[in-house]
Amino acid sequence: MRIALVELYVIQMPLKSPFLTHLGAVKDREGIIVKVTNTDGLSGYGEGVAFSTPWYTEETVATSLHMLTDFLIPLLKKHPIEHPEEASHLFSSIRRNNMAKAALETALWDLYSKGDSKSLAKTLGGTRATIASGVVVATDSTAKALQQIEQYLEAGYQRIKVKIHPNQDYSFLAEIRQHYPDLPIIADANSAYSLNDIDRLKALDDFNLLMIEQPLAHDDIIEHALLQKEIRTAICLDESIVTFADARKAIEQGSCKVINIKVGRVGGLYEAKRIHDYCFERGIPVWCGGMIEFGISRAHNIALASLPGFSIPGDISSSNRFWEEDIILPEVIVENGIITVPSSPGIGFSINENRLRERLLSKSIFAF
Ligand SMILES: O=C(O)CCC(=O)C1=CC=C[C@@H](O)[C@@H]1C(=O)O
Ligand SMILES: [Mg+2]
């Protein structure tokens, strides 16, 4: 891929409103934009989606910068690759640190697709010209949740995801169901429960949820299999699925009926596609999760979600769900509940240079 330059831009942007889960609040979002430029001057973009603190996974912006600066970029410089599929293997000598790996690997996929004059969606084997869009309501009050649901349904979103935990579950969902009896709802618990809560979780079968996401421990496969045998609601795993091997174990154990695939969590597009292909062959639906990300990661998610097995609306909302102004042009726009998959080369969005400069915290450059 004849790489000449890798640039890392650390940016920060306040959310339009705090994103609340039982694990805490996200009010400000730091992120890493990776720009890889080849010897012809063509550039591809990726995004590091680790948060500023290790509340969702063990990674942070700081650990990602360390991994990229001291290991991943030097490794890529020392061992040039011809196809982005090779990056995943090249980076496997470094344990975990998936979000740092994905930040660089996704930039290579964008660069490769642009060099091949193909959209990233086509390069990945995508078949959809549009993708269905869902949205997350992340608040700690029923009144605010109902208000946001109303707003998002008016905006056309096809599916709503809410956050639940032992102090916000049965009555919260009952209230929502009372207003929206047929609304497709995902309830994301972010590991707020244990098998001691089995009766609480069984009771949620009353609400005909599309799925309950990650009810038990963030690194569990076994206990989710025990729980799935006890509840009617489909379990979806998010945090538990860090690798292809995790996905295979979860499916073979019956730990889940759906998988939320996040490019950053699994280490990049190659691993994300492997998980998709494995699930698709076995009739296991998948959907593309979100990471409160900026437009570059959102663009990669759109391309990934164009694969045939992404049959459930993902957490791929419009740029303005979180941001006053995104760092891409055009911004991602959800219209009538769908997003058009770009057919132009690469991710199909360009960088808003002015906005990037406005929100820039630091920049580092690595010449090859
Ligand atoms: O980005 C979005 O639209 C949704 C993000 C989102 O729901 C999550 C991001 C990161 C951690 C969690 O709180 C949650 C999730 O688990 O999916
Ligand atoms: Mg989740």
Side-chain angles (χ1 to χ4, degrees), residues 13 15-31 47-61 98-99 102 131-140 145 148-149 152 155 157-165 168 185-193 209-220 224 234-242 246 250 256 258-266 286-302 304-305 312-323 326 331-332 334 339:
M13 208 182 285
L15 275 69
K16 286 163 71 172
S17 58
F19 185 93
L20 305 179
T21 76
H22 75 97
L23 296 169
V26 178
K27 295 177 184 166
D28 264 310
R29 187 52 158 115
E30 275 186 308
E47 182 175 331
V49 295
F51 291 106
S52 305
T53 59
W55 64 275
Y56 172 66
T57 69
E58 73 285 356
E59 292 188 79
T60 66
V61 170
N98 280 353
M99 291 178 181
I131 59 165
S133 182
V135 68
V136 182
V137 169
T139 175
D140 56 0
Q148 285 186 28
I149 291 169
Y152 292 136
Y157 287 101
Q158 296 193 29
R159 182 272 292 147
I160 295 287
K161 177 163 110 174
V162 293
K163 297 290 181 179
I164 61 168
H165 51 78
Q168 180 174 291
I185 300 174
I186 295 175
D188 189 355
N190 290 112
S191 306
Y193 299 92
L209 298 171
L210 205 54
M211 62 193 85
I212 181 168
E213 190 180 341
Q214 201 70 37
L216 307 179
H218 69 92
D219 55 357
D220 169 78
H224 280 100
I235 290 176
C236 169
L237 291 179
D238 171 353
E239 291 90 331
S240 293
I241 310 300
V242 176
D246 292 336
C256 61
V258 190
I259 290 182
N260 163 344
I261 298 179
K262 292 183 179 180
V263 176
R265 190 192 73 225
V266 301
V286 299
W287 55 283
C288 185
M291 280 297 291
I292 316 175
E293 57 254 283
F294 300 111
I296 295 295
S297 178
R298 213 162 282 277
H300 282 281
N301 290 345
I302 292 167
L304 178 69
I312 297 169
D315 282 346
I316 309 177
S317 47
S318 55
S319 289
N320 68 13
R321 159 64 181 96
F322 292 109
W323 317 121
D326 203 343
E331 293 200 344
V332 172
V334 173
I339 296 171

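In what follows, every heavy atom counts, from backbone to side chain, and hydrogens, waters and symmetry copies are set aside. Both ligands and their constituent atoms are indexed starting at 1 by order of listing.
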Of all N, O or S atoms in [X], identify the one at the shortest distance from the Mg ion (ligand 2).
X: D238; value: OD2
X: D188; value: OD2
X: E213; value: OE2

- So do Q148 and I160 actually touch side chain to side chain, heavy atoms under 4.5 Å?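 No, their side chains stay 4.5 Å or more apart.
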Determine whether a donor-acceptor pair (N or O, by modelled atom type, separation under 3.5 Å) exists between the side chain of [X] and the backbone of [Y].
X: E239; Y: H218; result: no
X: R298; Y: E293; result: yes
X: E331; Y: D326; result: yes
X: E59; Y: M99; result: yes

- Message: Please determine whether any non-hydrogen atom of E293 lies less than 4.0 Å from an atom of ligand 1.
- Response: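 A heavy atom of E293 does come that close to ligand 1.
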- Query: Quick one: does R321 get a heavy atom under 4.0 Å from ligand 1?
  - Reply: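 Flag not set, R321 not near ligand 1.
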- For ligand 1, is any non-hydrogen atom under 4.0 Å from N190's backbone (N, CA, C, O), its side chain (CB onward), both, or neither?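 Only the side chain of N190 comes within reach of ligand 1.
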- Residue portion contacting ligand 1 (non-hydrogen atoms closer than 4.0 Å) for K163: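 For K163, only side-chain atoms sit under 4.0 Å from ligand 1.
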- Task: Take the angle between the ring planes of H22 and H165 and call it parallel below 30°, perpendicular above 60°, tilted in between.
- Result: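 Because their plane-to-plane angle lies in the 30° to 60° range, the rings of H22 and H165 count as tilted.
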- Parallel, tilted or perpendicular: rings of F322 and F19 (30°, 60°):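 Judged by the thresholds at 30° and 60°, the geometry between F19 and F322 is tilted.
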If you measure every N or O of [X] against every N or O of ligand 1, does any of those distances drop under 3.5 Å?
X: K161; value: yes
X: F51; value: no
X: D238; value: yes
X: V136; value: no

Which of the atoms of ligand 1 are close to [X], meaning less than 4.0 Å from one of its heavy atoms?
X: T21; answer: 13 (O)
X: F322; answer: 1 (O), 2 (C), 3 (O)
X: F19; answer: 5 (C), 6 (C), 7 (O), 13 (O)

- Query: Between the Mg ion (ligand 2) and E239, is there an N, O or S atom separated by less than 2.8 Å?
  - Reply: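 Checking the Mg ion (ligand 2) against E239, no N, O or S atom falls under 2.8 Å.
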- Item | For atom 9 (C) of ligand 1, the protein heavy atom that lies nearest, with its residue and separation |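 Checking every protein heavy atom, the shortest distance to atom 9 (C) of ligand 1 gives G290 O, 3.4 Å.
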- Query: For atom 1 (O) of ligand 1, what is the nearest protein heavy atom, given as residue, atom name and distance?
  - Reply: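 Looking at atom 1 (O) of ligand 1, the protein heavy atom closest to it is I292 N, 2.7 Å.
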Rounded to the nearest 0.5 Å, how far apart are [atom1] of [X] and [atom2] of [Y]?
X: W287; Y: D238; atom1: CH2; atom2: CG; value: 7.0 Å
X: I131; Y: I339; atom1: CD1; atom2: CD1; value: 4.5 Å
X: M291; Y: T57; atom1: CE; atom2: OG1; value: 6.5 Å

- Taking atom NZ of K27 as the centre, report whether more than 12 heavy atoms of other residues, nucleotides or ligands fall under 6.0 Å from it.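 Atom NZ in K27 is not crowded, with 12 or fewer foreign heavy atoms closer than 6.0 Å.
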- Heavy atoms only: which of L23, V49, D188, D315 is nearest to atom 15 (C) of ligand 1?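 That would be D188.
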